[in-house]
Amino acid sequence: MKESSFKGRRCFTIFLLLLTAFLIFFQLNIWDTLFQPKMSSTIVYPKATTEPPKVRSICNFPPLSPKDALEERLLLESVAWPETPALPSPLSLELTSDPAHSTFTILPARGGGGQWHVGDQLEVSIAISDFKGQPKKSGGDFLLARLHNLTLGAGVAGKVVDHLNGSYSAVFPLLWEGAAQVEVTLVHPSEAITVLNRLTSEQPDRIFFKSVLSLGSRSQTTICNMCLRQTKQPICDFTDPRTGDPWFCYNPKNMSCDARIAHSMAGYKQTPALLKAKEDKLFQGRVNLKVRIPASGPAGVTVLPKKEGQPEVESSIVNFQASGYYYQGLWRALDGTKVRQFTGASAITQCLKGKVVHLYGDSTIRQWFEFLNAALPDLKEFNLGSSRTNGPFMALDYENKIMVTFRLHGPPLRFVGSIEEIRYIANELDDLIAGPNIVVVFGIWAHFGSFPIELYIRRLQRIRSAVVRLLDRAPKTVIIIRTANPKALLLDVAINNSDWFSVQFDKVLRAVATIFKGLNVHLIDAWEMVLAHHLPNSLHPQPPIITNMMDVLFSYTCPQKGG
C-alpha cells in the first residue's frame with residue numbers, strides 16, 4: 001500500500017507540473033506552434049517478432065530505395081580511406097609509422113618577398129618514417145593539424161592531404177597577424193587503421209547490450225545489438241516500424257518478446273580477445289597514439305598584415321576553407337555568420353525569450369542542457385524522476401516563457417534505463433509541432449563508433465527525411481546540427497571509439513546535411529572548434545569550448561538584423 005501510494009503521489013505531482021506548463025504556454029497564444037511535452041504521451045512500441053532477421057555477414061542491411069542506395073554508395077566512396085598495409089605475423093613495430101622519427105617542414109612562402117600575410121595559405125610538408133628511421137612508402141596514416149598562437153588565444157584547424165607515398169601536406173589559412181605555430185599530430189599509424197578496419201568488419205558487436213524481459217514473477221536478461229550473430233536461439237526483432245532502424249535481441253526460452261522492459265549496455269569484448277599478437281603495440285600513448293610530430297626546422301611563421309591591392313596567395317595543393325577560427329579565445333565563423341558573445345544570463349534570456357529549445361542526441365548534447373541550466377538562474381528544471389545521465393529532462397523559465405528539453409537518441413545507447421526512454425530522433429521530429437519559436441538541436445555520433453558506417457549513414461538519412469518533413473510544415477523552425485569532435489584516446493577508447501571512426505562520421509554528416517543549403521538549418525562545427533582550441537581534446541569539450549559553441553547556437557537562434 002505504501003509503495004502504491006508513493007507512486008500515486010509522484011504521478012500526481014508530475015501531472016500538476018505538466019499542467020502548469022500547459023497553462024503558461026497556452027497563455028502565450030503560441031500553443032499551436034509548440035511541442036506538447038511527450039513525457040506523458042502515449043507510447044506505441046514496435047510489435048516484436050521471433051523471426052530471425054535476414055542478415056548479410058553479422059549486420060542486417062535491409063534494401064534501400066534506389067536513391068538512398070546511390071547516396072550510400074557515393075558517401076562510402078567519399079570517406080573511403082587509402083589502402084593500408086596488411087600486417088605481418090608476427091607483427092614488427094619497427095616497420096610501422098613512428099612520430100618521433102617523422103618530421104614536418106614549413107614550405108617557403110609562395111608570394112613575392114618570401115613573406116606570409118593575412119589571407120594567404122601556409123603549406124607544410126610531412127614525412128613519415130618508421131621506428132628504424134626509414135621513410136615510409138605508403139599512405140593511410142591518420143594525421144591532424146592545427147595552427148595556433150597561445151598568447152593571442154588564436155587557433156585554426158588545418159587540412160591534411162595524403163600523397164599515398166609516405167608523405168603528406170597540411171594547409172592552413174592565415175587569419176591573424178603575428179606568430180603562428182604549426183602542430184601536427186599522428187593520431188594512428190596506417191598499421192593501426194588496418195586493425196580498426198578489421199574490427200569493424202569482423203567484430204561490429206564488440207560493444208554489446210542487454211534487455212530485461214519480465215513476465216509475471218519471472219524475468220530474464222538477454223543480449224541485444226544492431227548487429228547480432230545468428231545462433232540456433234530465436235531472435236526478437238525490435239526494428240522500429242516507422243524509421244526502420246534495426247534492433248535485435250536473443251529470445252529467452254519461454255519468454256515473449258513483448259515482455260521487454262529495460263535496456264542497458266552489457267559490456268565490451270576485452271581487448272586481448274579482439275587484437276592479434278602485438279597489435280596492442282600500435283595503440284600506445286606517448287609512442288604512436290595521438291603523438292605530436294617534431295619540426296625539421298622552424299615550427300612557426302610570422303604573419304604580416306594583409307597586403308593592400310595584391311591577391312591572396314592560395315595553396316598549390318588544396319584551397320582549404322576552414323569553418324572558423326579562434327581569436328582572443330572567441331570563435332569567429334568564416335561562413336558569413338556573425339557570432340556574437342552572449343555574456344551573462346540576461347543576454348541569453350533575451351535571446352531565448354518566448355522560445356522552446358528541444359535538444360536530441362548523446363551526452364555531448366546533454367552538455368548544452370547542463371550549460372543552460374547553470375547559466376540561467378530563472379530556468380527551473382522539473383523533477384521527472386529521470387536518471388541524471390540519461391534524461392529525459394525539461395526546464396522552464398515561467399516569467400520569460402522559455403522551455404528547454406533534452407532526450408537521448410535511440411539505440412545503440414550505452415546507458416541503463418527503461419524502454420520508455422528509447423526514442424528515435426526521426427520519430428520525435430515527425431511528432432513535433434514546430435514553428436518560428438521552436439529551436440531543434442541534435443547531435444548523434446559518439447555511440448556508433450564500433451559499428452559499420454552504413455548504419456550511421458542510414459540513421460542520418462532517416463533523420464534528414466524527418467527534418468525535411470518538419471520544414472515543409474513549419475519552414476521557420478530553426479534546426480541546428482552538432483558535428484562529431486576529436487577526443488582523448490587510450491587503447492580501449494581507440495579500439496571502440498577512435499577519432500578515425502569519428503572523422504568519417506563527421507564527413508558523412510556534412511555531406512548528408514548539404515541538402516539543407518538555403519534552408520533554416522545550421523551546422524555547429526564541433527570538430528574544428530575542438531581541434532583548433534589549445535585545450536586538450538576531450539569527448540566532452542571543456543567549458544571555454546562549450547561557451548563558444550553556445551554563442552554560435554544563440555547567434556543562429558537570434559541572428560543580428562542586417563548581419
Side-chain angles (χ1 to χ4, degrees), residues 45-46 48 53 58-60 196 199-200 202-214 219-229 231 233 235-240 243 245-252 255 257 259-275 360-367 386-393 406-425 443-453 455-456 459 484 487-499 501-502 505 538-540:
Y45 297 107
I58 299 173
C59 296
N60 180 31
L196 296 177
L199 291 175
T200 299
E202 299 177 0
Q203 302 283 343
D205 56 344
R206 57 191 181 276
I207 295 179
F208 50 97
F209 306 83
K210 63 183 179 182
S211 282
V212 176
L213 284 75
S214 180
S219 65
Q220 293 192 50
T221 301
T222 187
I223 295 298
C224 307
N225 218 318
M226 283 203 299
C227 299
L228 198 64
R229 296 176 185 270
T231 68
Q233 191 173 3
I235 292 176
C236 294
D237 183 356
F238 292 106
T239 297
D240 187 83
T243 66
D245 286 296
W247 194 253
F248 309 107
C249 300
Y250 294 121
N251 185 26
M255 187 67 72
C257 293
R260 185 174 64 137
I261 62 170
H263 163 93
S264 64
M265 189 182 78
Y268 301 79
K269 290 185 179 180
Q270 296 299 307
T271 299
L274 296 172
L275 300 182
Y360 303 104
D362 52 34
S363 58
T364 62
I365 291 291
R366 187 189 68 217
Q367 276 188 287
S386 305
S387 160
R388 294 316 305 164
T389 56
N390 303 337
F393 303 134
F406 166 78
R407 184 175 286 281
L408 284 169
H409 66 70
L413 279 170
R414 302 169 200 168
F415 83 116
V416 178
S418 67
I419 59 171
E420 288 91 343
E421 297 170 11
I422 299 175
R423 310 278 187 87
Y424 289 96
I425 293 177
I444 178 169
W445 61 280
H447 293 254
F448 283 79
S450 58
F451 295 98
I453 197 168
L455 292 169
Y456 184 68
R459 181 67 61 89
K487 65 187 78 65
L489 294 180
L490 300 172
L491 172 59
D492 289 340
V493 176
I495 291 300
N496 296 302
N497 207 18
S498 167
D499 285 352
F501 302 125
S502 300
F505 296 157
S538 174
L539 171 62
H540 299 107

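We're numbering straight along the sequence, starting at 1.
Of the possible polar contacts, none joining the Ser219 side chain to the Leu213 backbone as a donor-acceptor pair under 3.5 Å is found. Remark: side-chain polar atoms of Arg407 are not paired, donor with acceptor, to backbone N or O of Gly391 under 3.5 angstrom. Thr271 contributes no side-chain N or O that, together with a main-chain N or O of Asp492, makes up a donor-acceptor pair within less than 3.5 Å. Listed for the Glu421 side chain is no donor-acceptor partner under 3.5 Å among the backbone atoms of Pro392.
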So Ile444 and Ile365, side chain to side chain contact (heavy atoms under 4.5 Å, CB included) or not? Walk me through it. CA-CA 9 Å; Ile444 178 169; Ile365 291 291; over 6 Å; no

Go through Gln367 and Phe406 one step at a time and tell me if the side chain to side chain contact (heavy atoms under 4.5 Å, CB included) criterion holds. CA-CA 10 Å; Gln367 276 188 287; Phe406 166 78; over 6 Å; no

Kindly indicate, with the supporting measurements, whether the criterion side chain to side chain contact (heavy atoms under 4.5 Å, CB included) is fulfilled by Asp499 and Lys487. CA-CA 7 Å; Asp499 285 352; Lys487 65 187 78 65; 3.2 Å; yes

If you apply the rule side chain to side chain contact (heavy atoms under 4.5 Å, CB included), what do you find for Arg366 with Phe393, and how did you get there? CA-CA 9 Å; Arg366 187 189 68 217; Phe393 303 134; 4.0 Å; yes

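Of the residues listed (Asp205, Thr200, Asn225), the one engaging Phe451 in a side-chain contact (heavy atoms from CB on, under 4.5 Å) is Asn225, and it is the only one.
Between Ile425 and Thr243, every side-chain heavy-atom pair lies at or beyond the 4.5 Å cut-off. Put simply, the side chain of Ser387 does not reach to within 4.5 Å of the side chain of Val416, judged on heavy atoms. A 4.5 Å side-chain heavy-atom check between Val212 and Gln220 finds every atom pair outside the cut-off. When side chains are defined from C-beta on, Pro246 counts as touching Leu455, because their heavy atoms get closer than 4.5 Å.
Among residues two or more places apart in sequence or in another chain, the ring pair (Phe, Tyr, Trp, His ring centres under 6.0 Å) test is passed with Phe415 by His263. Considering only residues two or more places apart in sequence or on other chains, Trp445 meets the ring pair (Phe, Tyr, Trp, His ring centres under 6.0 Å) condition with none of them. Evaluation of the ring pair (Phe, Tyr, Trp, His ring centres under 6.0 Å) rule for Tyr424 yields no partner, not counting sequence neighbours.
Remark: Phe448 CZ to Ile207 CD1 distance equals 12.0 Å, nearest 0.5 Å. The structure places CZ of Arg459 at 7.0 Å from NE2 of His409, a figure rounded to the nearest 0.5 Å. Rounded to the nearest 0.5 Å, atoms CD1 (Ile235) and CD1 (Ile223) are 12.5 Å apart. Here the straight-line distance linking atom CE of Met255 with atom OG1 of Thr222 works out to 10.0 Å at 0.5 Å rounding. With rounding to the nearest 0.5 Å, the separation of CH2 in Trp247 from CZ in Phe209 is 4.5 Å. Note: Leu408 CG to His447 NE2 = 7.0 Å, rounded to the nearest 0.5 Å.
Both the sub-6.0 Å distance and the 45° axial angle are satisfied by Arg260 relative to the ring of Phe238.
The shortest heavy-atom contact between Ala494 and Leu196 is O-CD2, 3.5 Å. Heavy atoms only, all atoms of each residue included: Ser502 and Ala484 are closest at O-CB, 3.9 Å. When all heavy atoms are compared, the tightest approach of Ile261 to Ser214 is CD1-CB, 3.7 Å. Shown here for Asn497 and Gly449, the closest heavy-atom pair between the two residues is OD1-CA, 3.5 Å. Nearest heavy-atom pair, Ala488 versus Val493, reported as atom, atom and distance to 0.1 Å: O-CG1, 3.9 Å. Of all heavy-atom pairs between Met226 and Pro411, the closest is SD-O, 4.4 Å.
Residues Asn496 and Ser450 bring no donor and acceptor atom of their side chains to less than 3.5 Å of each other.
By the SG-distance test at 2.5 Å, a disulfide connects Cys249 to Cys224.
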